[in-house]
Amino acid sequence: MSEHLLNTVLQIADDHLILGHRVSEWCGHAPMLEEDLSMPNMALDLIGQARSLYTYVAQLEGKGRTEDDFAYLRGDREYRNCLLVERNNEDFAHTVLRQLYFAAFMKPFWEAMHTCSDETLVNISHKAVKEIAYHVRHCGEWVIRLGDGTAISAERMHDAVLALHPYTAELFEIDNNRQQCINSGLFPDSQALQPAWTSTINQIFTQAKLAVPRDEYPQTGGRKGLHTEDFGILLSQLQYMQRAYPGASW
Amino acid sequence: MVTDINLAKARRIAAEVADPELPFLTVEDLGILREVSVEDDVIIARLTPTYSGCPAVSVIEKDVLNALTQAGFNARVVRSDMPPWTTSWITPEGIAKLQSNGISPPEPAGMSDALFATRVVACPRCQSEDTEKVSEFGSTPCKAQYRCNTCKEPFDHFKCH
Ligand SMILES: [Zn+2]
């Protein structure tokens, strides 16, 4: 069992680290000062949650590895994050939409985790759910502002939806590891979270005058370690310091 | 041997450690110092982090450990995640200090998840309730930015969490 649990916790730990890193790339580049503060703050939430999750993964593994070993010293095939979180920032529309898609899933996920049976994950869920609620609000408001904004902002928002929506199916994917955890009551059933996610997205899209695309081809593979080309570039930046100066700390 | 008197002293020393980002607030004011106890003659200080990713957390833990060690105690700091911290743990003294330092304290009513939800946040300088939110996020994870329409001053609001 602990093997299944380890692999499944690793999936969500990687989701949080990789999205946190992506969002942190806005630091110093956001379109306005307020967003230059909000982006790193959201990144900090995600990386903080990733740290708790990696620490637990290391504990489940019991081989003396630390959170840093998992974050910095694995190859790309060993990362189990979904593809959505590794997609490039592109523009502000892509960034806030990607964050909304993810947060709209994690909020009901953490809420459902409150009644699961793993004490460590339940503890993490109580903290994370309050933080992720801000992400849904903040990014949901931006999606509406841009979608129902100027002709240019609406077009960019529309492009972001077309580009990112195919990656949302993977949020609900259940591999064998996760299925075992769900069966044992350690993890919420991702499929059961779909109505809550869809309702949040529909509500926001309606206000944003955006349509949910149809006839799309779901893009998946991250849970098996099969990543997009952008991911290698992300990892080279994320891991640079520990690769160049092994064991560096400050 | 740690006596009751020493334990009380250790508790006082730990409680006086200040938050590096809000230096007028102590860990006691913030309500994050959960317990100071003795186990096998070692002082154990239990701290609960505010936000998962708050960079101040590890600094505060180090500061508490240093303060106790410098006072001659054999000490250890333990992170205690459960129950999770909420702004309702900030003491009345802490609330008063926030106010007098120009930061509007958290609303006990709690935070609405509704989009574009607005709440009345009073200006910490002139108490006017005619204020507007500038940004959900401020200079630290725990704060949002507001502006007062009466005295025209910008101010930080400690978010309810
Ligand atoms: Zn005022």
Side-chain angles (χ1 to χ4, degrees), chain A residues 16-17 20 23-24 30 32-53 55-56 100 103-104 107 110-111 114 119-145 200 203-204 206-208, chain B residues 21 31-32 34 46-62 78-89 106-107 109-119 132-147 154-161:
Chain A
H16 285 76
L17 175 71
V23 175
S24 80
M32 58 206 271
L33 182 61
E34 286 76 13
E35 289 312 306
D36 215 60
L37 289 170
S38 71
M39 288 291 155
N41 270 316
M42 286 194 283
L44 277 173
D45 285 343
L46 294 165
I47 292 167
Q49 290 150 11
R51 290 187 63 178
S52 306
L53 293 164
T55 301
Y56 188 40
L100 172 67
K107 187 168 175 282
W110 289 128
E111 281 164 356
H114 294 349
E119 200 191 333
T120 306
L121 293 174
V122 172
N123 286 354
I124 295 171
S125 75
H126 281 284
K127 197 146 211 55
V129 74
K130 295 197 215 168
E131 294 163 354
I132 208 76
Y134 271 105
H135 300 200
V136 176
R137 262 165 56 92
H138 189 69
C139 295
E141 288 174 4
W142 268 112
V143 167
I144 293 168
R145 230 174 256 133
T200 305
Q203 188 211 333
I204 289 167
T206 304
Q207 288 186 65
Chain B
E21 286 171 342
I32 61 174
R34 300 310 294 154
R46 276 177 208 285
L47 291 163
T48 298
T50 49
Y51 282 66
S52 302
C54 182
V57 171
S58 53
V59 178
I60 293 173
E61 289 175 346
K62 228 174 272 174
V78 175
R79 196 175 288 194
S80 166
D81 287 311
M82 211 49 201
W85 178 84
T86 91
T87 39
S88 63
W89 293 7
E107 305 294 304
M111 187 65 204
S112 161
D113 284 345
L115 297 171
F116 300 105
T118 51
R119 281 168 312 141
E132 61 179 313
K133 185 172 77 184
V134 177
S135 172
E136 194 80 77
F137 295 87
S139 54
T140 63
C142 56
K143 286 179 282 176
Q145 300 177 71
Y146 278 75
R147 179 171 36 226
F155 64 91
D156 275 339
H157 170 60
F158 205 107
K159 291 188 278 196
C160 194
H161 194 67

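Scope of the values below: all heavy atoms of this structure, side chains included, with no hydrogens, waters or symmetry mates. In what follows, chains carry the letters A, B, and so on, assigned in the order in which the sequence lines appear, proteins first and then strands, with residues in each chain numbered from 1.
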Closest non-hydrogen contact found for T50(B) with K127(A) is O-NZ, 2.6 Å
What part of V122(A) gets closer than 4.5 Å to chain B, counting heavy atoms only: side chain, backbone, both or neither?
neither
Are more than 12 heavy atoms, taken from residues, nucleotides or ligands other than R147(B), located less than 6.0 Å from that residue's CZ atom?
no
Among I47(A), I144(A), L46(A), residue most engaged with chain B (heavy-atom pairs, under 4.5 Å):
I144(A)
Measure the OH-NZ distance between Y51(B) and K130(A) for me, rounded to the nearest 0.5 Å.
8.0 Å
So which of Q203(A), H138(A), E141(A) has the biggest tally of heavy-atom pairs under 4.5 Å with chain B?
E141(A)
Side chain to side chain contact (heavy atoms under 4.5 Å, CB included) with A43(A): which residues, sequence neighbours excluded?
V23(A), S24(A)
Spatial distance of atom OG1 (T86(B)) from atom NE2 (H126(A)) [nearest 0.5 Å]
13.0 Å
In Å, rounded to the nearest 0.5 Å, how long is the span from CD of Q145(B) to CG of L33(A)?
6.5 Å
Side chain from CB out, backbone as N, CA, C, O: work out which of these in S80(B) comes under 4.5 Å of a heavy atom of chain A, or both, or neither.
neither
For chain B, which of Q49(A), E119(A), E131(A), M42(A) has the most heavy-atom pairs under 4.5 Å?
E131(A)
